[in-house]
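Keep in mind that what you see is a predicted model, and the values were worked out from it rather than measured. Below, each value reflects all heavy atoms present in this structure, side chains not excepted, and no hydrogens, waters or symmetry copies. A, B, ... follow the sequence lines: proteins, then strands. Residue 1 opens every chain.
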Protein chains: 2
Amino acid sequence: MTASVQATRQNTGERLLTPGEVASLFRVDPKTVTRWATAGRIGSIRTPGGHRRFRESEVQALLSELTTEATEPVRH
Amino acid sequence: MTASVQATRQNTGERLLTPGEVASLFRVDPKTVTRWATAGRIGSIRTPGGHRRFRESEVQALLSELTTEATEPVRH
DNA sequence: AGTCAGTGGGGTAATTAGGGAG
DNA sequence: CCTGTCCTAATTACCCCACTGA
C-alpha cells in the first residue's frame with residue numbers, strides 16, 4: 001500500500017517522544033518529565049489511555065536552551 | 001483534487017485511516033489502537049474481512065483535544 | 001495463480017500514571 | 001522549590017500464528 005506511508009507523514013512531520021525517551025535526553029527520571037508536563041513547562045499530548053507523548057521539536061528547543069547555559073536561570 | 005489522488009473516500013468525503021496510520025499519529029503500537037476500538041475509546045468501522053478502519057476527523061479531534069494539556073500560562 | 005505488508009487474536013514483559021514520603 | 005525513589009493499578013509494547021487486503 002502506498003497511501004499508508006504517505007499518510008504517516010502528513011502531520012507536519014511531527015515526531016512524538018515517550019516520557020522515557022525525553023527523560024533519557026535530559027538525563028532525568030521519567031517522573032520528572034511528567035512533573036514538567038503537569039506544571040505546563042512542556043507541552044504534552046495524551047493518548048486515549050492517558051499516557052503522555054511529547055513533541056520532539058519542543059524538546060529539542062528546550063535542549064537548545066540548556067546548551068546556551070547562562071549563569072542566570074531562565075525566567076519563564 | 002481532480003487527478004491521481006484517489007484515496008479511500010466515502011460519500012461524506014470522510015477519509016479512513018488504518019490502525020497503523022493512527023498508531024503513527026499517536027506514537028503507539030497498532031495493537032494499542034485496536035484496544036482503543038475494543039474499549040470504545042475510539043469509533044471504528046470494520047471491513048467485510050474484519051479489519052478496522054478509523055475516521056480521520058475523529059482521530060484529528062482526539063489529537064486536538066488532547067494536545068494542549070497545560071492550562072497554565074506558558075511564557076517564553 | 002501467486003506474493004507480502006498489515007491486521008486480528010491471544011498471551012506475557014515493560015512503561016507509565018498517580019499518590020505519598022524522604 | 002525541585003528531584004529521585006517506593007508503591008499499586010492501568011496502559012502500552014513485543015511475542016506467537018492465521019487471515020485479510022492490495
What pair of heavy atoms forms the shortest contact from [X] to [Y], and how long is it?
{"X": "A:A23", "Y": "A:D29", "value": "CB-C, 4.0 Å"}
{"X": "A:G43", "Y": "A:F54", "value": "O-CD2, 3.4 Å"}
{"X": "A:P30", "Y": "A:G20", "value": "CG-CA, 4.5 Å"}

Distance check needed: [N] [atom2] versus [X] [atom1], whole Å only.
{"X": "B:F26", "N": "D:dT11", "atom1": "CZ", "atom2": "C1'", "value": "14 Å"}
{"X": "B:L16", "N": "C:dT7", "atom1": "CG", "atom2": "P", "value": "13 Å"}
{"X": "A:R27", "N": "D:dC2", "atom1": "CZ", "atom2": "P", "value": "23 Å"}
{"X": "A:R46", "N": "C:dT15", "atom1": "CZ", "atom2": "P", "value": "19 Å"}
{"X": "B:E21", "N": "D:dG21", "atom1": "CD", "atom2": "P", "value": "16 Å"}
{"X": "B:L17", "N": "C:dT7", "atom1": "CG", "atom2": "P", "value": "11 Å"}

So, is [X] close to the [N] phosphate, meaning a side-chain N or O under 4.0 Å from OP1 or OP2?
{"X": "A:T32", "N": "D:dT3", "value": "no"}
{"X": "A:R52", "N": "C:dA17", "value": "yes"}
{"X": "B:T47", "N": "D:dG21", "value": "yes"}
{"X": "A:W36", "N": "D:dT3", "value": "yes"}

Could you check which of [options] has an atom nearest any side-chain atom of [X]?
{"X": "B:D29", "options": "D:dG21, C:dG8, D:dC14", "answer": "D:dC14"}
{"X": "A:H51", "options": "D:dT11, D:dC2, D:dG21", "answer": "D:dT11"}
{"X": "A:K31", "options": "C:dG9, D:dT5, D:dG21", "answer": "D:dT5"}

A:P19 or A:R35, whichever maps to the more 5' nucleotide of DNA chain C: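 Final value for this comparison: A:P19.
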Salt bridge A:R15-A:E21, side-chain N to carboxylate O under 4.0 Å: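 Looking at A:E21 together with A:R15, the answer is no, because their closest N to O distance does not fall below 4.0 Å.
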Sub-4.5 Å side-chain heavy-atom contact between A:W36 and A:V28: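 Contact flag for A:W36/A:V28 side chains = yes.
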